[in-house]
Amino acid sequence: MSLPSAPSKQELLEALRTCGELTLISLRSVPEESLARGRYEGGWSGREIVAHLASAEWTYPRLIGLARGAGTAPASSPSGGIDAYNARQVAKRAETPVADLLGEFERNREATIAAVEEANEALLAVVVQTAAGLRGPLGAVLKFVAVDHVLGHVEDVTAGA
């Protein structure tokens with residue numbers, strides 16, 4: 001997959017904030033029964049997608065930390081691959097209420113924003129590789145996984161509600 005050029009730090013921060021707000025507003029407006037009914041990517045329900053978004057968000061500050069510490073951040077693939085990892089993370093949250101999942105996403109998004117605020121442009125240009133194998137400049141990777149990927153899931157859930 002080819003990533004677009006890396007956004008500036010300010011562009012990335014604005015995109016992260018806007019995406020986070022839109023995600024919370026949009027997903028809080030979907031009735032829980034609609035989240036339970038829908039089937040989306042990989043057969044997940046809307047509720048499981050919310051769990052995925054909440055669980056994935058914690059990894060972005062970690063990716064920034066890896067880039068900061070090593071100069072490059074080749075993340076290792078999780079046991080069983082990224083799909084199995086995502087399924088395990090969603091399963092761990094099977095009994096968590098949607099409101100709590102959205103609270104987890106919100107807290108983790110705040111941590112992502114704080115980590116980007118501490119980064120400089122040079123760090124955002126460091127080439128990283130995610131556990132899913134996505135490789136590119138940190139800023140471009142973050143824009144793709146924490147903004148574009150998230151908004152794609154939000155669109156799936158809200159369009160199916």
A.B. asks: Holding to salt bridge (Lys or Arg N to Asp or Glu O under 4.0 Å), I want the full list of residues that pass it with R47, two or more places apart in sequence or in another chain.
C.D. replies: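 With sequence neighbours excluded, R47 shows a salt bridge (Lys or Arg N to Asp or Glu O under 4.0 Å) to no residue whatsoever.
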A.B. asks: Can you name the residues that form a side-chain hydrogen bond (donor to acceptor under 3.5 Å, both in side chains) with S8, not counting sequence neighbours?
C.D. replies: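 If we apply the side-chain hydrogen bond (donor to acceptor under 3.5 Å, both in side chains) test to S8, skipping adjacent residues, the hits are E11.
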A.B. asks: How far does CD of E48 sit from CD of Q89, to the nearest 0.5 angstrom?
C.D. replies: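 Answer rounded to 0.5 Å: 13.5 Å.
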A.B. asks: Tell me every residue that passes side-chain hydrogen bond (donor to acceptor under 3.5 Å, both in side chains) with D148, counting only those two or more places apart in sequence or in another chain.
C.D. replies: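 Result, side-chain hydrogen bond (donor to acceptor under 3.5 Å, both in side chains) vs D148: K143.
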A.B. asks: What residues form a side-chain hydrogen bond (donor to acceptor under 3.5 Å, both in side chains) with E95, not counting sequence neighbours?
C.D. replies: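 E95 satisfies side-chain hydrogen bond (donor to acceptor under 3.5 Å, both in side chains) with no other residue.
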A.B. asks: Let me check something: any side-chain donor-acceptor pairs from residues 19-30 under 3.5 Å, sequence neighbours excluded? List them with distances.
C.D. replies:
{"unit_1": "T23", "atom_1": "OG1", "unit_2": "C19", "atom_2": "O", "d": "2.7"}
{"unit_1": "S26", "atom_1": "OG", "unit_2": "L22", "atom_2": "O", "d": "2.8"}
{"unit_1": "R28", "atom_1": "NH2", "unit_2": "E106", "atom_2": "OE1", "d": "3.3"}
{"unit_1": "S29", "atom_1": "OG", "unit_2": "S26", "atom_2": "O", "d": "2.6"}

A.B. asks: Name the one of R109, R93, K92 that satisfies salt bridge (Lys or Arg N to Asp or Glu O under 4.0 Å) with E104?
C.D. replies: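 Option passing the salt bridge (Lys or Arg N to Asp or Glu O under 4.0 Å) with E104: R93.
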A.B. asks: Calculate, to the nearest 0.5 Å, the distance between atoms CG and NE2 belonging to L53 and H149 respectively.
C.D. replies: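 Between L53 CG and H149 NE2, I get 6.5 Å after rounding to 0.5 Å.
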A.B. asks: Relative to each other, are the rings of H153 and W44 parallel, tilted or perpendicular (30° and 60° limits)?
C.D. replies: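 Aromatic pair H153/W44 classed tilted.
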A.B. asks: Could you state the interatomic distance from CH2 (W58) to CG (N108), rounded to the nearest 0.5 Å?
C.D. replies: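 One gets 9.5 Å once the value is rounded to the nearest 0.5 Å.
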A.B. asks: Between K9 (side chain) and A119 (backbone), is there a donor-acceptor pair under 3.5 Å?
C.D. replies: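 Yes; at least one donor-acceptor contact below 3.5 Å.
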A.B. asks: For R107, what residues pass the side-chain hydrogen bond (donor to acceptor under 3.5 Å, both in side chains) criterion, not counting sequence neighbours?
C.D. replies: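 With sequence neighbours excluded, R107 shows a side-chain hydrogen bond (donor to acceptor under 3.5 Å, both in side chains) to no residue whatsoever.
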